[in-house]
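Report on one structure; see the data block that follows.
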Amino acid sequence: MSSTKKNWPKLPLGIRLLIAAHSMSVDAFSRSDGSAVNRRLMNLFDPKASPSRKPDNGVVSSDIVVDTTRKLWFRLYSNTTTAGKMFMPVVVYFHGGGFAYMAANSMSYDDLCKRLAREIPAVVVSVNYRLSPEHRYPSQYEDGFDVLKFIDNPDFEGFSAFGNTDTSSNKAFFIAGDSAGGNLAHHVALKACQHQFSRLKLRGVIALQPFFGGEERTESELKLAGAPFISVKRTDWMWKAFLPHGYNRDHEVVNVFGPNSVDISGLPFPPTLVFIGGFDPLQDWQRKYVEGLNKSGKHVYKIEYPNAIHGFYAFPQLPDTSLLIAEIKNFVLKQLDQ
């Protein structure tokens, strides 16, 4: 039986209106067969933020182009109040949006990455990868890994320019992302843990309500079919728009520990922090992900917020958002101490 609105957690009116506007725009401006998104109209509901060369509560940012032909770039954030005083880890962040929506400079992600840079503190690299359906799998994974190689190149001076002055050892970095970005974080980390970087060392993965799935319908998908932000109808559309033609949701990048999955037990996959919300239809798939990592012999930490909707971290006024930021900071510091 699907969830009804009266069962959902009480949210401030402003948040409910934003969710309604986002949901309406996604449904109205996306072709039902998964073949196209009206970007011009969609952008009207996705306000963008400019980089801040002047400190914004102690954080500065700039946009760096990786490949003009792909329009691949990232936004670099750093905490100026700690620059030069301490080593700051690098957090490579992948935004959510079902692989089809949002951007690194979307206002909600700009705010979130500033907060991560400020409160961890860290240098944050927020990747603006290509979107589906114009660019299907594996475009997004290729973009993500190419950004890692770009910042690993000694010619990239962005870290020293922002005060990340540690030269005695490789720079510790974490791969993070939310929703579809959490899926990206996992798959880019799979490739990164097998790559020999010249100056980066992967220390962990941070997955905020990662977007996984499969052909079966889980209990949470059925129970929360009409939940805020993410519905089963929308997630089906997102996978259809993302996957190559002819593949279903049991593809190895969707159902990561399913019938077609890759055995990662022999890979040096790093410790992983996974956040799960009690009102997220994807929660059962996220628990399967945690279980799969455990069975593969990997260190994984699960944190659940019973009253959290999908994407709650986009709203700083929600109490669980501050708890999440604190948990991310604790995880990063713990892995740096290992």
Side-chain angles (χ1 to χ4, degrees), residues 8-23 45-49 52 56-59 61 75 77 79 89 91-98 101-126 174-185 204-211 220 224 227-230 272-283 286-287 290 301-334:
W8 298 345
K10 293 182 179 179
L11 298 170
L13 177 60
I15 292 179
R16 284 187 279 133
L17 291 174
L18 286 172
I19 291 173
H22 173 83
S23 300
F45 293 84
D46 181 19
K48 303 298 196 294
S52 304
D56 181 358
N57 290 324
V59 175
S61 61
R75 181 160 291 182
Y77 302 83
N79 186 327
V91 175
V92 178
Y93 194 89
F94 297 106
H95 68 80
Y101 310 103
M102 312 297 284
N105 59 347
S106 292
M107 196 167 290
S108 58
Y109 284 109
D110 187 66
D111 290 342
L112 177 61
C113 288
K114 283 179 182 176
R115 190 168 182 183
L116 292 173
R118 183 183 305 118
E119 297 190 27
I120 292 177
V123 173
V124 177
V125 173
S126 182
F174 296 79
I175 301 179
D178 70 282
S179 195
N183 177 297
L184 271 166
V205 172
I206 303 165
L208 286 62
Q209 299 179 298
F211 186 25
S220 63
L224 299 167
F229 266 140
I230 285 289
T272 302
L273 176 64
V274 181
F275 291 95
I276 298 173
F279 282 85
D280 183 356
L282 301 175
Q283 62 186 276
Q286 293 153 5
R287 293 191 185 96
V290 171
Y301 307 88
K302 178 183 68 173
I303 296 176
E304 299 202 31
Y305 299 120
N307 294 315
I309 62 169
H310 190 83
F312 69 92
Y313 37 80
F315 306 106
Q317 61 269 50
L318 294 179
D320 285 342
T321 302
S322 293
L323 296 176
L324 175 140
I325 298 293
E327 292 289 358
I328 292 175
K329 177 177 180 177
N330 290 339
F331 174 77
V332 168
L333 295 178
K334 179 179 179 181

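Source: prediction; values computed, not measured.
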What is the minimum heavy-atom distance between [X] and [Y], and which atoms define it?
{"X": "Ala180", "Y": "Gly98", "answer": "CB-N, 3.6 Å"}
{"X": "Tyr77", "Y": "Ala117", "answer": "CB-CB, 3.9 Å"}
{"X": "Leu11", "Y": "Ile19", "answer": "CD1-CD1, 4.0 Å"}
{"X": "Ala176", "Y": "Ala185", "answer": "C-CB, 3.9 Å"}

Beyond-backbone contact of [X] with [Y], side-chain heavy atoms, under 4.5 angstrom:
{"X": "Lys114", "Y": "Val124", "value": "no"}
{"X": "Lys48", "Y": "Ser106", "value": "yes"}
{"X": "Leu318", "Y": "Pro12", "value": "yes"}
{"X": "Ile206", "Y": "Val332", "value": "yes"}
{"X": "Val205", "Y": "Leu273", "value": "no"}
{"X": "Val92", "Y": "Val125", "value": "yes"}

Can you tell me how far [atom2] of [Y] sits from [atom1] of [X], rounded to the nearest 0.5 angstrom?
{"X": "Phe312", "Y": "Phe279", "atom1": "CZ", "atom2": "CZ", "answer": "13.5 Å"}
{"X": "Ile328", "Y": "Ile303", "atom1": "CD1", "atom2": "CD1", "answer": "8.5 Å"}
{"X": "Asn183", "Y": "Asp178", "atom1": "CG", "atom2": "CG", "answer": "11.5 Å"}
{"X": "Asp46", "Y": "Ser108", "atom1": "CG", "atom2": "OG", "answer": "7.0 Å"}
{"X": "Leu324", "Y": "Asp320", "atom1": "CG", "atom2": "CG", "answer": "8.5 Å"}
{"X": "Phe211", "Y": "Leu184", "atom1": "CZ", "atom2": "CG", "answer": "11.0 Å"}

If we ignore hydrogens and angles and just use 3.5 Å, is the side chain of [X] paired with the main-chain N or O of [Y] as donor and acceptor?
{"X": "Gln286", "Y": "Pro210", "result": "yes"}
{"X": "Gln283", "Y": "Gly278", "result": "yes"}
{"X": "Ser61", "Y": "Ser52", "result": "yes"}
{"X": "Arg118", "Y": "Asp56", "result": "yes"}
{"X": "Gln209", "Y": "Gly311", "result": "yes"}
{"X": "Ser220", "Y": "Pro281", "result": "yes"}
{"X": "Thr272", "Y": "Tyr301", "result": "no"}

Can you list the steps and then say if Phe229 with His22 is a ring-ring contact (aromatic ring centres under 6.0 Å, His included)? CA-CA 7 Å; Phe229 266 140; His22 173 83; 5.1 Å; yes
Angle between ring planes, Tyr305 versus Phe275, binned at 30° and 60°: parallel, tilted or perpendicular? parallel
For the residue pair Tyr93 and Tyr109, categorise the inter-ring angle as parallel (less than 30°), tilted (30 to 60°) or perpendicular (more than 60°). tilted
Walk me through it: do Leu13 and Arg16 pass the test side-chain contact (heavy atoms from CB on, under 4.5 Å)? CA-CA 5 Å; Leu13 177 60; Arg16 284 187 279 133; 4.0 Å; yes
How far apart are the C-alpha atoms of Val91 and Val123, what are their side-chain angles, what is the distance that settles it, and do they pass the side-chain contact (heavy atoms from CB on, under 4.5 Å) test? CA-CA 6 Å; Val91 175; Val123 173; over 6 Å; no
Is it true that Ser179 and His310 share a donor-acceptor pair across their side chains at a distance under 3.5 Å? yes
Should Val274 and Val290 be marked as a side-chain contact (heavy atoms from CB on, under 4.5 Å) after you check the CA-CA gap, both sets of side-chain angles, and the distance that decides it? CA-CA 7 Å; Val274 181; Val290 171; 3.9 Å; yes
Whether Asp111 and Arg115 form a salt bridge (side-chain N of Lys/Arg under 4.0 Å from carboxylate O of Asp/Glu) is what I want to check. no
Hey, are Lys302 and Glu304 close enough for a salt bridge, meaning a charged N less than 4.0 Å from a carboxylate O? yes
